[in-house]
Amino acid sequence: MALFSLHPPLAAQVWPKTSFVRPHGALRGSVVEVHIHGTGLGTARELCFAMAPGHGQQDHGIEVTSLQARNDSLVVATLALAADAAPGLRLLRVRTDHGLSGVELFRVGTRARVPEREKNDSAAEAQDIDLDTCVDASLSSGDVDYFALRVVEATSVRLEVFGVRLGDGAIDPRLAVHDEAGGGVAEADDCLLGRMDPIVRFDAQPGRYTIAVRDSAWRGAAQGADYELHVGGFPRPSLTWPLAVEAGKACRLQLLGDPEVEGRGYVFTAPTACDATQGGTGYAAFYPFVPMGVQMGFAPPFFAAASRTEARVAPSPLYVRVSSLETIYEAAKGAAGTDAVTSVAPRSAQAGIAFEGCLATPDERDHMHFTAKKGERLRVQVFARRLRSPVDAVAIVRKRGRPPLVVADDVGTSLDPDFECSIAEDGEHEIEIFDRLGSFGPLHRYRVEVEPRRAEASARILAAGRDEDHAVNVARAARMGLRITTSGVPAGTRCRLVGLPPKCSSEVVTLERGQSVLDFVVAADADAALASASLELEMAAKGSDAWKPLPLQQPVELVRVQNNQPYLTTMESRIPFAVTAQLPFQIEAVKPLQALTRGTSLALSVRAVRDKRAGGNLRLRALSAPPGIVVGTATLSGDAATLEVRASEGAALGEPRLHIVARRYGRNGHYELTSAPVVVTVVEAAKTDAKPEGTR
Amino acid sequence: MKPVALRALFLSAVGAVSLAGQAAADTDRASTGEQRDSVVAIRVLPSALVLDDASDQPRVLVLATTQSGTHFDVTKEASFATAGLAVVEGGLVRATRTGKGTLRAQFGGHTGQIDLTCSSVGLERKVSFVRDVLPTLTRAGCNQGACHGSASGKNGFALSLFGYDPERDHYALAQEWKGRRVDRLETDESLVLLKACRQVAHKGGQRFDKESEHYRVLADWIRAGAPSDIGNAARVVDLRIEPASLVLTTEAGRQRVPLIVRAIYDDGQDRDVSRLALLSTTDASVIDLEAVDTAPTLVAKARGEVTVLARFASSAATLRVLVHDEASKDFAWPEGEAAATTLVDRHLNERLRELRIAPQARCSDEVFVRRAYIDLVGTLPSVAETKAFLASTDPGKRPALIDHLVATTAFSEYLALEWVEALRIEARRLDEKGARLFDEWVRAQFVARRRFDEVVRDMVTASGPSFAVPQVNLYVVERDPKLIAEHVAQAFLGVRLSCAQCHDHPFERWTMDDYYGFAAFFARVTQKRGEDVRERIVYARPSGEVLHARTKKPAAPKFLGAEVYKDAAGADRRTAFAAWLTARDNPWFARNVANRLFARVFKRGIVDAVDDVRISNPASHPALLDALAQRLADLDYDLGRFVAELCKTRAYERGALPSTAAPTSFAGRIPQRLDAEVLYEAVAELTAVRTRARGAGPMERAYELKPGATLPRFLGLFGRSQRESACTCERSEEPNLAQILHLQNGPEIEEMLRHPRGRIARLLASEASDAAVLEELFLAAYARRPFEGESSRLLQDLDGAAGPARQARFEDLLWAMLNSKEFLFCQ
């Protein structure tokens with residue numbers, strides 16, 4: 001009990017939550033002070049960085065040289081960014097003594113950052129900025145920010161705004177550029193590459209240009225809605241060609257959509273960690289750049305990509321599909337100009353085949369051929385909008401000369417068709433691709449992958465609530481339940497968590513027949529070190545001891561729009577985990593004295609052992625329940641409470657184990673723990689003459 | 001708390017030129033009772049009579065024309081001669097023998113005659129289901145929407161609305177429920193007759209009695225076995241009202257004139273259907289309708305102009321009637337009135353002469369400058385602008401001001417508001433961003449002064465994502481092809497089609513075939529969710545049809561009132577539709593746009609409401625409307641130039657019309673309360689206190705507010721359009737108590753009056769004299785200087801006050817001005 005007395009006040013014990021980080025990024029090679037705002041941050045101990053999806057598993061290149069929790073809602077950290085840190089996004093979590101926060105985004109950039117200087121609310125008050133800078137700014141309600149860019153000699157200027165992509169979701173920025181005479185030079189709102197964020201390019205003559213940034217709905221936020229304005233001579237192409245590369249292999253890429261770099265070649269090697277077959281996302285991020293000392297418009301040599309010291313690097317990447325499928329590229333157009341039949345003899349779909357082409361002419365429809373056998377079930381994936389191509393693809397699969405087998409358009413929020421197709425007869429088949437709106441152009445590129453359907457195993461953590469983060473926080477001397485839903489994992493497969501810190505443990509869980517959810521309970525010893533970890537999942541087939549990775553594909557929803565639908569999402573491939581300080585209570589589910597008869601219910605008693613100061617209600621629920629068993633919820637306000645456990649007539653007989661979860665809500669959040677398992681015996685009604693005492 | 005008495009005092013003092021005062025200018029020109037007009041001629045109507053069976057008893061009308069051009073009925077007083085062919089009793093003609101001749105009428109020494117043909121005198125014509133029974137049911141009200149003509153009928157008995165579906169009606173009457181509604185053996189026991197005469201319980205009450213003509217027609221039909229002649233019966237191809245034009249007088253004894261309604265059938269038959277036709281009038285205060293001896297009779301009640309509508313068997317006819325009163329006798333065209341040089345003035349003046357209404361005199365410069373700013377840019381003129389205008393001695397300063405205002409961006413923005421409303425751009429049906437972008441797109445087209453027909457074509461043929469191609473939001477507002485068609489028809493053609501979705505409207509032009517044919521143009525327009533969940537992608541599918549509700553078959557695309565469109569392979573039907581819509585020979589589009597703009601300038605449409613063009617809502621000045629439509633097309637749909645031309649007319653410069661005068665005469669400016677947005681701006685300008693709504697850009701006026709912006713409560717109170725339908729009625733000008741309370745007691749207004757940086761505070765800080773402050777307030781509020789009486793009285797009330805007391809008194813004065821009619825209304 002002496003241990004309990006050391007606990008901090010309840011308000012500070014909640015799992016931490018972050019709301020935003022300022023600044024949202026920093027120049028590599030610099031030291032920067034960042035402010036992380038949120039709640040429950042008073043005992044911050046660590047900043048956990050990870051590379052964003054598509055960036056491989058390289059070192060994130062950020063060293064935290066100091067970390068101080070100013071109060072419960074503000075952490076100030078000093079970060080030293082390695083000079084050779086890879087540009088791009090990092091996922092950031094804060095670990096306190098009481099848990100891990102949700103994800104914030106932090107951008108490692110290649111441009112010097114300057115803060116916005118108020119007052120810059122009119123063209124006359126515009127803040128002077130230089131080329132190749134990034135302005136950290138914010139908009140309040142009705143605000144318009146003006147910046148003045150003085151161009152000394154004719155050059156091509158790119159502007160890229162990060163508003164919604166910062167992950168705060170506070171603004172939908174709009175950008176306008178005017179020359180000295182007040183004439184409109186460029187204007188942008190949404191765009192294909194930046195989505196809700198504007199990107200523009202204009203050829204500047206010597207003179208002063210005014211850049212105006214505002215929220216398209218004039219909203220902003222009371223405390224300021226942040227955005228970044230990147231100004232520079234960086235290249236801003238919108239697509240690579242080809243659209244796919246092979247993991248770990250140096251591939252030649254061309255960049256499309258920016259005349260300054262079109263025709264210039266790049267050599268790019270996608271990290272093997274990006275390969276979907278190896279647990280990656282199937283995409284690699286490529287940051288277009290212009291090498292040091294090379295002017296835009298220079299002759300096109302081939303550049304070795306990913307040099308870590310290039311200055312003029314685009315602030316956001318292009319995504320390249322990572323795939324090892326043989327790819328056939330569109331041949332030159334025939335005389336009719338409407339068909340893009342490849343010049344290569346049709347390949348079998350059995351080995352997997354990919355096609356890449358372009359809808360360059362009005363109402364163009366491209367056709368790709370492959371052979372397939374009756375009974376084969378193929379997966380056809382189109383990659384266009386996912387790679388930021390303007391194509392809104394429609395795909396048709398048919399045996400040549402026959403009616404369509406499948407006509408496919410969008411899938412969910414993706415405009416790219418992704419479907420399965422059963423082959424009805426042997427022979428040569430074709431895929432027809434066209435744009436839904438009949439649009440066309442040199443950037444209207446697409447890629448189609450055809451391969452036999454495979455059961456791809458994957459897993460995803462089930463958060464307890466819709467808006468809750470999925471990090472796993474286990475208190476010392478306590479347990480924490482973790483529910484993971486799987487796909488493509490056969491029944492009987494054993495799964496385990498890998499990477500748990502010392503003095504933490506978890507059992508191997510077997511996926512039962514007819515189920516897809518794995519329930520892990522992680523226990524931490526009382527003397528386990530307060531630390532974070534990134535856990536991975538492994539699985540082993542029934543009767544096998546060969547363990548292999550079970551890829552985690554965990555969406556992290558950063559921004560939601562319109563009735564809480566996800567707008568900006570990123571991915572995590574590891575389970576964020578932390579050992580936290582001991583909680584001021586423990587719970588124990590008491591094994592019922594009697595069996596649970598099918599068709600009846602019983603009262604499951606739960607006891608709490610509390611610290612003197614740990615009053616208040618605990619919300620009780622079961623981590624999960626087997627089919628046919630329903631466990632109610634209860635509020636534990638004193639030392640004990642009961643949960644109703646009901647068995648249906650069809651409930652499986654046996655001795656299922658139940659874990660009870662107790663959640664305590666504080667003013668700024670919550671925390672929870674899971675009980676040790678309690679066994680309930682389910683019996684048939686016929687085996688008892690009367691209802692056991694205590695049942696209802 | 002403010003001293004209410006002081007404010008009331010100010011309120012009575014300001015606005016010396018009240019609307020009532022303006023009305024007084026329209027002096028009563030009523031005559032003092034002169035001798036009756038002498039008759040100069042008589043006319044016998046109709047122009048010919050053909051009596052082709054024994055039951056045929058058409059009406060004859062003898063109409064006297066007076067010296068002053070008015071008409072009155074002398075049928076009863078006239079004597080008739082038919083050379084034994086027929087007898088005339090109570091205005092009804094009954095054949096007595098077969099033959100051809102003339103019917104001669106004589107009255108007061110005047111004679112008139114018409115051809116008379118009598119045939120088959122001994123034959124009783126069989127009652128026809130289509131020709132007789134259905135019109136009888138319609139006349140008796142059985143098949144109206146509130147009774148058995150409703151979609152589900154009444155008490156299990158459903159008839160088609162006004163008999164548009166004879167087959168269904170015959171089935172319902174003669175066959176449904178094993179024919180229980182008719183008794184072919186005991187005719188008088190037929191349920192349909194028992195109910196109609198209320199011999200058994202009938203919720204619809206008694207529709208006619210056993211002695212009536214209606215009963216006889218139905219009983220004869222049932223007695224004959226309730227036969228159907230659908231498919232064989234002649235069809236009405238034309239409906240005519242006799243006389244074709246009429247000028248009535250309110251003079252006692254001459255007020256009543258019967259009408260003859262004639263139906264022309266496709267077999268050449270010309271039939272008097274006066275007793276079966278339904279008649280209505282557009283203004284019962286000018287002309288009322290009575291049934292005298294079963295004949296529809298007009299009763300002149302007050303000076304004015306109305307249209308009388310006759311409806312019979314899917315046809316309708318209109319008659320324009322002028323009514324003169326005693327005062328009309330003294331009518332003389334004002335001497336100082338300049339000759340009409342513009343299109344609008346020529347047409348309006350011509351009509352005014354016909355109506356014997358003198359137009360209002362030219363308004364003052366003060367009224368004009370305020371009117372022009374409010375109408376064209378939706379704001380009050382600033383004090384400096386008013387002073388400059390009033391000081392100018394340039395005789396061309398009025399047209400110059402119009403040109404100046406029309407050239408501003410504010411004019412385009414304000415003009416766009418009407419279309420933003422008609423297109424229902426708001427953030428409930430559309431995503432907020434989509435609505436905002438669509439709103440901006442529409443406004444940008446107006447600011448860029450694009451040809452309006454091109455803008456409409458862009459919208460109608462648009463495809464793509466709703467953020468990148470904002471005009472596709474036209475198809476996001478409504479997604480069902482039928483609703484799209486209704487929306488497009490109302491917004492761009494001023495036609496309300498919705499009734500025709502369920503039934504042919506018997507008295508309007510549009511049938512179900514028209515409706516579904518029109519909707520078929522949008523049958524292939526579809527949409528899907530965009531990559532951004534808020535976005536919609538609109539596109540045209542290669543296939544897709546609208547099913548006709550009655551035939552259950554795909555409806556072929558058909559232009560409204562025009563030919564069927566033949567699909568071209570792979571073509572988007574909307575392309576052809578847009579071409580038809582904006583073609584110069586489209587009878588609806590240019591007229592609709594011209595009418596909307598006319599209504600904007602003259603505060604009433606030539607067709608009013610502007611989005612409700614129908615036979616039963618005729619144009620007050622059809623020739624002017626046609627001419628304006630032509631002019632708009634000639635101007636390449638440059639709405640700015642068109643509005644400028646409308647404003648550079650004598651008609652626009654006229655003084656306010658008295659409230660007692662008929663607005664359709666356009667004899668003067670129709671006073672109108674300022675629109676919600678304009679009034680909001682006016683209050684802000686008068687008090688010089690402006691608050692920015694959340695979601696509004698810098699310096700954005702109330703009528704520029706974009707969807708999603710937090711609207712000031714003021715706008716809702718004063719009737720800002722909710723944009724839930726394309727109807728212009730969405731914008732309300734109705735006064736209500738909440739508005740008065742808000743203006744008189746609202747804390748928001750109070751705060752604006754007392755604002756430390758408001759107009760009063762600023763003026764008093766400048767150490768201006770009371771007289772100077774008073775002048776500025778009057779110029780700001782009314783665009784005029786105070787009249788001498790106002791000035792002396794107000795200065796007397798203000799005299800002696802200093803410091804906070806002085807400020808309080810001026811605040812009270814401003815409050816009174818803000819609540820005065822002269823401020824709230826535009827004259």
Side-chain angles (χ1 to χ4, degrees), chain A residues 121-123 140-144 146 164 172 174 184 187-192 194-197 212 214-222 362-363 384-386 388-392 394 407 409-416 434-439 559-569, chain B residues 427-428 430-441 444 447-448 461-470 472 525-543 569-572 575 690-700 704-710:
Chain A
D121 298 341
S122 67
S140 54
S141 177
D143 195 10
V144 186
Y146 288 86
V164 73
D172 176 1
R174 188 183 280 201
E187 192 173 8
D189 190 350
D190 301 352
C191 67
L192 201 59
R195 300 194 62 180
M196 221 189 273
D197 293 335
R214 69 169 173 92
D215 180 20
S216 67
W218 299 103
R219 287 229 173 79
D363 295 318
R385 193 59 66 91
R386 284 182 270 192
R388 310 321 300 158
S389 161
V391 172
D392 176 1
V394 179
V407 179
D409 196 344
D410 307 345
V411 181
T413 56
S414 169
L415 297 190
D416 292 341
F434 61 93
D435 184 89
R436 170 55 79 194
L437 298 169
S439 67
V559 177
R560 291 194 179 94
V561 295
Q562 199 190 43
N563 203 19
N564 219 19
Q565 297 184 75
Y567 181 84
L568 184 68
T569 305
Chain B
R428 288 183 297 275
L430 298 170
D431 169 78
E432 183 184 322
K433 179 156 186 171
R436 182 174 281 270
L437 290 170
F438 192 19
D439 183 295
E440 288 176 358
W441 183 86
V447 170
T461 58
S463 291
S466 57
F467 290 178
V469 188
V472 301
V525 179
T526 190
Q527 55 186 278
K528 59 179 186 173
R529 193 163 85 163
E531 194 179 24
D532 183 331
V533 294
R534 303 166 303 165
E535 192 174 32
R536 308 295 301 178
I537 297 174
V538 175
Y539 60 98
R541 291 175 295 180
S543 61
D572 184 345
T575 307
R690 184 173 289 276
T691 50
R692 192 161 83 183
R694 180 165 164 76
M699 303 305 291
E700 212 165 65
E704 294 169 320
L705 286 177
K706 304 295 184 292
T710 307

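Sequence lines set the chain letters: A, B, ... in the order given, protein chains first and strands last, and positions in each chain run from 1. All of these numbers come straight from a predicted model, not from anything done at the bench.
Among B/G464, B/A696, B/A709, B/A468, the residue with the largest count of heavy-atom pairs under 4.5 Å with chain A is B/A696. Note on B/R692, B/K433, B/E432: by heavy-atom pairs under 4.5 Å with chain A, the leading option is B/K433. No other option in A/D189, A/D121, A/V144 has as many heavy-atom pairs under 4.5 Å with chain B as A/D189. Note on A/G412, A/A217, A/S216: by heavy-atom pairs under 4.5 Å with chain B, the leading option is A/A217. Counting heavy-atom pairs closer than 4.5 Å to chain A, the top residue among B/A540, B/P707, B/G530, B/G695 is B/G695.
Rounded to the nearest 0.5 Å, atoms CZ (B/R694) and CG (B/L705) are 13.5 Å apart. Here the straight-line distance linking atom OG1 of B/T526 with atom CD1 of B/I537 works out to 11.5 Å at 0.5 Å rounding. For the atom pair CZ of A/R386 and CG of A/L415, the computed distance is 10.5 Å after rounding to the nearest 0.5 Å.
When heavy atoms are compared at a cutoff of 4.5 Å, B/R436 approaches chain A solely by way of its side chain, counted from C-beta outward. Interface remark: A/R174 contributes side-chain atoms only to the contact with chain B (heavy atom separation under 4.5 Å). For chain B, the nearby part of A/D172 is the side chain; its heavy atoms alone come within less than 4.5 Å. With a 4.5 angstrom heavy-atom cutoff, A/S141 touches chain B via backbone and side-chain atoms both. For A/R219, the parts lying near chain B are the backbone and the side chain together; criterion is any non-hydrogen pair under 4.5 Å. For A/D143, the part sitting under 4.5 Å from any heavy atom of chain B is the backbone (N, CA, C, O) and nothing else.
Among residues two or more places apart in sequence or in another chain, the side chain to side chain donor-acceptor pair (under 3.5 Å) test is passed with A/R385 by none. Under the salt bridge (Lys or Arg N to Asp or Glu O under 4.0 Å) criterion, B/E700 pairs with B/K706, sequence neighbours left out.
Nearest approach of B/G434 to B/F467, heavy atoms of both residues: N-CE2, 3.4 Å.
Remark: side-chain polar atoms of A/Y567 are not paired, donor with acceptor, to backbone N or O of A/V164 under 3.5 angstrom.
Between B/E531 and A/R388 there is a salt bridge, since a side-chain N of the basic residue sits under 4.0 Å from a carboxylate O of the acidic one.
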